[in-house]
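Take a look at the structure below.
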Amino acid sequence: MSITSLDNSFVASTYGRFPIELSHGKGAKLYDTNGKEYIDMGTGIAVNAFGVCDDEWTNAVKAQLDKLAHTSNLYYTEPCAKLAELLCNKTGMKKVFFSNSGAEANECAIKAARRYSFQKYGEGRSTIVTLKQSFHGRTITTLAATGQDSFHTEFAPFTEGFVYAEANNTQSVIDLAKQNNACAVMMELVQGEGGVMKLDNDFATDVAAFCNKNDILLVIDEVQTGNGRTGSLYAFEQFGIIPDIVSTAKGLGGGLPIGATMFGEKTEGVLTPGSHGSTFGGNPVCCAGAYNIISRIDNKLLDEVKAKSEYIFKELGSAKGVKSVSGMGLMIGIETEKDAKEIVAACREQGVLVLTAKTKVRLLPPLNITMQDLEKAVNVIKECIK
Ligand SMILES: *Cc1c(COP(=O)(O)O)cnc(C)c1O
């Protein structure tokens with residue numbers, strides 16, 4: 001049986017997979033089982049920050065694998081503590097809870113936001129305002145947090161206590177927060193799955209000011225935008241806001257599953273022994289890999305991310321068949337005249353792997369992709385779009 005039919009027969013059919021079987025890769029290059037080479041402009045959905053099989057990351061992971069792969073959270077381990085310290089030093093946040101995915105990082109953020117409010121104000125102040133077109137995960141609670149009706153079918157009952165404001169409409173956030181006695185506002189600064197839409201700076205700062213004034217927690221979902229993707233270590237830095245809670249995952253692990261929920265001054269003491277936990281959370285191997293990734297996201301790399309971003313915006317912004325280019329850093333959405341799915345297939349034929357987000361073509365290349373590979377990929381994309 002071919003791997004394709006084996007997978008189709010035995011793996012739950014939750015994904016519309018592309019018709020290729022990948023076998024290996026190096027950096028921004030991936031190879032299928034027929035030996036065909038691809039330039040990877042998707043990085044496993046913003047996960048492989050430094051491409052695949054990056055030597056430094058692989059060595060960090062292997063070294064830890066040979067020492068200690070897992071222990072329960074009843075014991076201290078070095079990679080977990082060091083990664084938390086590094087994240088706090090680089091962000092100004094105060095404490096970190098580790099989990100295994102973006103959805104879990106958001107679950108933790110939601111629990112912490114509600115607990116903060118419960119302990120300070122008692123019952124009835126538990127609603128969280130999220131934005132329309134947002135995406136926060138696939139668990140029942142994070143689906144409820146996701147502001148898209150299409151995610152709210154067939155799985156009822158959902159977790160209560162989420163209301164959806166209009167993105168870039170501060171009054172809409174304020175009204176909903178007041179009407180529902182909200183404890184938090186949770187949002188992505190660039191809506192990824194919702195169509196790679198960057199929020200207006202003014203909206204973000206106005207919402208942050210409103211939250212701060214009313215002791216409503218500001219939760220920023222940086223699962224996709226985080227870890228260098230938008231041109232700063234975390235996107236919130238570029239919006240000039242200070243979140244109370246930041247969730248992240250995807251690129252943090254550089255290829256292994258890890259989620260992190262970071263707490264600021266107001267929220268650092270909210271979680272206490274027994275109030276939350278995760279068997280695999282803070283796994284030493286994942287943390288050792290993540291430490292390597294975060295320690296390498298320096299100003300030099302971020303400047304490169306910005307330069308590559310400008311190059312893509314410039315090249316595609318004026319290309320035939322392109323209606324608009326949106327996003328930030330190396331998180332880019334292209335609104336095209338042709339159907340995005342057709343473009344994805346044509347690019348794949350030509351050896352370039354790209355993604356979609358809603359009706360857009362989406363690009364999430366490795367942060368350290370060479371200009372040579374990037375130019376090659378952009379030229380193919382341009383050809384396929386026109
Ligand atoms: C991908 C994503 C999630 C969910 O992450 P998983 O690791 O798939 O659970 C949550 N929020 C945002 C903004 C995402 O892009």
Side-chain angles (χ1 to χ4, degrees), residues 12 14-17 42-49 97-113 128-148 150-152 155 158-159 162 164 167 184-199 204 218-230 232 234-236 239 243 245-262 278 280-283 286 289-290 293 326-333 355-358 360 362-365:
T14 53
Y15 307 104
R17 296 200 206 276
T43 51
I45 318 196
V47 168
N48 302 315
F97 177 85
F98 291 113
S99 54
N100 314 284
S101 68
E104 282 175 87
N106 285 336
E107 287 270 351
C108 174
I110 292 162
K111 280 179 73 175
I128 297 176
V129 180
T130 67
L131 299 183
K132 290 182 181 162
Q133 294 302 107
S134 59
F135 181 80
H136 296 295
R138 298 278 189 173
T139 62
I140 286 286
T141 296
T142 55
L143 277 180
T146 293
Q148 301 184 52
S150 60
F151 286 96
H152 301 157
F155 301 108
F158 287 93
T159 306
F162 293 94
Y164 318 105
V185 173
M186 173 166 157
M187 59 195 193
E188 303 152 89
L189 293 170
V190 183
Q191 297 189 320
E193 307 302 313
V196 201
M197 289 308 301
K198 179 182 176 291
L199 297 185
L218 180 63
V219 181
I220 301 297
D221 178 347
E222 298 241 22
V223 171
Q224 193 164 155
T225 54
N227 315 299
R229 180 55 52 189
T230 66
S232 51
Y234 291 96
F236 75 79
F239 286 78
I245 302 177
V246 177
S247 60
T248 192
K250 291 197 168 97
L252 175 62
L256 283 174
I258 181 169
T261 312
M262 298 184 258
S278 164
F280 285 114
N283 173 276
C286 298
I293 296 290
S326 65
M328 200 178 175
L330 290 177
M331 181 172 173
I332 291 175
L355 304 163
T356 58
K358 289 273 178 297
K360 289 182 182 176
R362 174 166 48 155
L363 309 181
L364 295 162

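Since the model is a prediction, treat every value here as computed from it, not as a measurement. Note that ligands are numbered from 1 as they come in the structure, with each ligand's atoms numbered from 1 the same way.
Residue pairs meeting the salt bridge (charged side-chain N to carboxylate O under 4.0 Å, His left out) criterion with at least one member in residues 132-142, sequence neighbours excluded: K132-E166.
Every side-chain hydrogen bond (donor to acceptor under 3.5 Å, both in side chains) that N227 has, sequence neighbours left out, goes to Y234, T248. The side-chain contact (heavy atoms from CB on, under 4.5 Å) search around A184 returns A113, I128, L217, V219, not counting sequence neighbours.
For F162 and H152, the ring centers sit 6.0 Å or farther from each other.
For the residue pair T230 and K198, no side-chain donor N or O sits within less than 3.5 Å of a side-chain acceptor on the partner. K358 and Q148 share a donor-acceptor pair across their side chains, judged by distance under 3.5 Å alone.
For ligand 1, the 4.0 Å heavy-atom shell contains residues S101, G102, A103, N106, F135, H136, G137, E188, D221, V223, Q224, K250.
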